[in-house]
Amino acid sequence: TDVPHTRNFCIIAHVDHGKTTLSDRLLEYTNTVAHRVMTDQHLDSMDLEKERGITIKSHPVTMLYPAKDGISYRLNLMDTPGHVDFSYEVSRSLAACEGAVLLIDAAQGVEAQTVANAHLAFSQNLKVIPVINKIDLPSANLELCLQQLEDILAIPSDEAILASGKAGIGISDILEAVVARVPPPRWTNYPQTRALVFDSLYDSYRGVIAYARVFSGSLKAGDMVELMSNGVRTEVKEVGVFTPKMQKVAELDAGAVGYFVSNIKDPAEIKTGDTVTLSQRRATEMLPGYKEVRPMVFCGLYPVESSDYEKLKAAVGRLRLNDAAFVYQQESSIALGFGFRCGFLGLLHMEIIQERIRREHDVDIISTYPSVVYHVVKHDGVVIEVDNPVNLPDPGTIIEIREPMIKAAIHIPNDAMGDILSLVMEKRGLVDHTDTLDATRVMLSCSLPLNEILVDFNDRLKSVTHGYGSMDYELGEYRAADLVKMEILVNADPVDAFATIVHRDKAEGKGRALCEKLADIIPPQMFKVAIQAAIGGKIIARDNVREMRKDVTSKCYGGDISRKRKLLDKQKEGKKKMKQFGRVSIPSDAFIKVLKTN
Ligand code: GTP
């Protein structure tokens, strides 16, 4: 590598501030991707990403840029996900760079993830190049953006570049700034080979393909390497760069960004953030910042048609291969049959995986209510982790239940303050402090139980602020709370799919709503069937399923035989999908309907 003439940088931004559009423009400008093969958004390859407009996976790309100083520079651009669920992935992509282009939508100004991403970049000592993007918009407010840059991010406004990815304004200024302001690759003098794994991809023929930034030394085919977090050793089969297609090269050396293929077939063995070194001449210290990522949100996923179980199994297995942060294990439920307990980084991650199962694997699925991971302190002093309400031990054996908290930074227009304060209160949150961002906006720093923001917090934030509110959060500590397991009983039998862990104060309201919904959706029965919500045996809400008025089968007696047979066949068909609760049979799609309408 020509270290002095290499620059590794990324683009960071709040969601929708135009990262993909600008990246594409850079590729086009440097002729990395020929104009004609440029699809609208080249870097977002997954369909789903396109639709949601969210970059999920980091795709690095190497560009050659002939700068105004007459020298050709090699620019490695890392794409980064913008959403809170993927902040560890963002931080690993940043760790592979020396600089970051920070995009700010000229019409939106600085938002929650602009700040969070900028702080991540500062904390990794990256050179930050501020770019006010979308200046072609009639609603662009440059003055406000420049002011916010100084006030909120403490970046001198004269460093800002004005640009529009869409209209192609300021593109060469950005590339020149990357060359001039971002330092060449750092830490190249470390005596042994160290490379940072910042992502990976699963290929059914070649196994795991790890994306790596080499800091010192080199990697080439035939090297025996070791992953420093877990001591796994493997042989490098191939190394290459992204053009953006993967292209095999002889060697990746200090400062380079590329990929390597090894003998590793199990994606769980190569973790994002890990350091790769040579087994013969091992480095003694890992590159900084490695962290185990652990799933924070769990739910059960079940096929709507039980015959789709094998298909679902194949689907989760495949998804896991490309996403080490997604975990699953088999489980079964009385109400829903066989399925999987799945763990995700956050709610968005959960939605994306569910969507991909439906779409790419064509399996109709239903999910149970999401749950966080609780810490349960038992009388014998043992602390256990519970991610499924069904597994909560008997209340008599529990001293306390602790729940995960988050620290949220919520950016809102001043006039939404009252509504947001009540929303935070309703979600059992506390506002730690408020900061004025500028004449029209404030930032609230709050602590909230993670569990409470799982379902509708973000939607409500958006609706109360007419789309101008934004939030970023990081995990805080665990805190004890008055939490209880609430069960839903059908004819006195608990239905496992509806068990939840809730705050005692909220149990009754939630219980009543669920009972009502179930009573409404379950078809009329021959006799009275009670639907009850209970906490540890104590009934807190109740409703009844409607009773059937007349006996439908009686009118068949003496009737024509083929009609009778048809009815029997129909009944048989129906029986397969019935779940038995004491004397009561309930079609499983009733449960599915209730879970769907939540
Ligand atoms: P995420 O991947 O979701 O973080 O989005 P992104 O930051 O990559 O934004 P993307 O490039 O997908 O652009 C978001 C929206 O803004 C799209 O509708 C773009 O067409 C539009 N957009 C991007 N750049 C510009 C620009 O310079 N001017 C205008 N007017 N619109 C732009």
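First listed ligand is number 1; within each ligand, the first listed atom is number 1.
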Check whether any N or O atom of G165, backbone or side chain, sits under 3.5 Å from an N or O atom of ligand 1, and answer yes or no.
yes
Regarding ligand 1, does G18 bring an N or O atom to under 3.5 Å of one of the ligand's N or O atoms?
yes
Residues 404-416 vs side-chain hydrogen bond (donor to acceptor under 3.5 Å, both in side chains), sequence neighbours excluded, gives none
Specify whether F340 and Y328 have parallel, tilted or perpendicular ring planes, treating 30° as the upper limit for parallel and 60° as the lower limit for perpendicular.
perpendicular
Just to be sure I read this right, does ligand 1 sit under 4.0 Å from the backbone of D136, its side chain, both, or neither, counting only heavy atoms?
side chain
Quick one: does ligand 1 sit under 4.0 Å from the side chain of I135, the backbone, both or neither, non-hydrogen atoms only?
neither
So is R213 actually on top of F215's ring, under 6.0 Å and inside 45° of the axis?
yes
Has Y202 got more than 12 heavy atoms of other residues, nucleotides or ligands less than 6.0 Å from its OH?
yes
With a cut-off of 4.0 Å, which atoms of ligand 1 are near a heavy atom of [X]?
X    : answer
V15  : 3 (O), 4 (O)
H17  : 7 (O)
L137 : 30 (N)
S164 : 26 (C), 27 (O), 28 (N)

Looking only at side chains, do N76 and T62 share a donor and an acceptor under 3.5 Å apart?
yes
Residue list, side-chain hydrogen bond (donor to acceptor under 3.5 Å, both in side chains) with H119, at least two apart or on another chain
none
